[in-house]
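Order of appearance sets the numbers: ligands from 1, and atoms from 1 within every ligand. Not measured: the values here are computed from a predicted model. Keep in mind that the numbers below use all heavy atoms, side chains included, and drop hydrogens, waters and symmetry copies.
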Amino acid sequence: MKIPVKSVASPMTGKAKLVLEPLPAYREYPAVEMALRASEFSADIARRRTVRDFDSRPVAREVIEQCLLAAGTAPSGANQQPWHFAVVTDPARKKRIREAAEAEEREFYAGRAPQEWLDALAPLGTDPNKPFLEEAPLLIAIFAQKYGVRPEGGKFSHYYVPESVGIAAGFLIAALHHAGLAMLTHTPSPMGFLNQICARPSSEKPVILLVVGYPKSDCQVPVYAGIKKPLQQFTSWLES
Ligand code: IYR
């Protein structure tokens, strides 16, 4: 269903007034179908694994754009949508990102990380080498907009930025997985170099570098990363 564009002020202009509309496009499913949909989604998203070994085959731009559109529907503080997604396919930029990330990671693994952190990472087999940053067909640098900038240049506050960007990143990961793509949520630390390489302003903070593509045919993943907590361990119900 096509959602018509509303003639209401955009979240960027501020001082917008409340205008209501009937809830568009909501669907209630019969109970059996609801249960089936819930379990099917759960099983499908549970198939996602973090991949570090990518084939170089390119991914259609239209697919990525649809996944980004899905991410852009995420709820956010005051609907300010305080995120920016920079898609990098340019080999020269990917190379620069790899070099900058590996320089940081070499320091991280050679002393910056406390032993407790290194012990926590041991079952994942990570190290300072990040060939996937060049091998994968695309990188999506996710930026959090610490504050908004009006077209004329004035600043305005953004609210719940980390939460909002985290939710949008989750939507993007789910959309990419749903489309049949593999990914890695990479967090080189610090990753300020992404502003320069991706030509983003200092009002934005890079938070996740998503590495996206097809897994190599002989791709292996750590068993440890596939072990998820059972429901009782991470949920509680407070019933009468
Ligand atoms: N950024 C480093 C270390 C690292 C940290 C965490 I927390 C991970 O879940 C995985 C890796 C790296 O990318 O190797």
Please determine, by modelled atom types, if [X] and [Y] share a side-chain donor-acceptor pair under 3.5 angstrom.
| X | Y | result |
| --- | --- | --- |
| Q81 | N79 | yes |
| Y109 | T126 | yes |
| R48 | T50 | yes |

Report yes if some N/O of E105 lies less than 3.5 Å from some N/O of ligand 1; otherwise report no.
yes

State whether the shortest distance between N or O atoms of R52 and N or O atoms of ligand 1 falls below 3.5 angstrom.
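No, R52 has no N/O under 3.5 Å of an N/O on ligand 1.
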
Against heavy atoms of [X], which atoms of ligand 1 measure under 4.0 Å?
| X | value |
| --- | --- |
| K130 | 12 (C), 13 (O), 14 (O) |
| H186 | 13 (O) |
| F108 | 3 (C) |
| Y109 | 2 (C), 3 (C), 12 (C), 14 (O) |

Distance to 0.1 Å, residue and atom name: give those for the protein heavy atom nearest to atom 8 (C) of ligand 1.
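Nearest neighbour among protein heavy atoms for atom 8 (C) of ligand 1, to 0.1 Å: L121 CD2, 3.4 Å.
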
For atom 7 (I) of ligand 1, what is the closest protein heavy atom, and at what distance to 0.1 Å?
W117 NE1, 3.6 Å

So does R98 pair up with E134, basic N to acidic O under 4.0 Å?
yes

Salt bridge check, K216 against D53: does any charged N sit closer than 4.0 Å to a carboxylate O?
yes

Measure up the H158 and F156 rings against each other and bin them: parallel (under 30°), tilted (30 to 60°), perpendicular (over 60°).
perpendicular

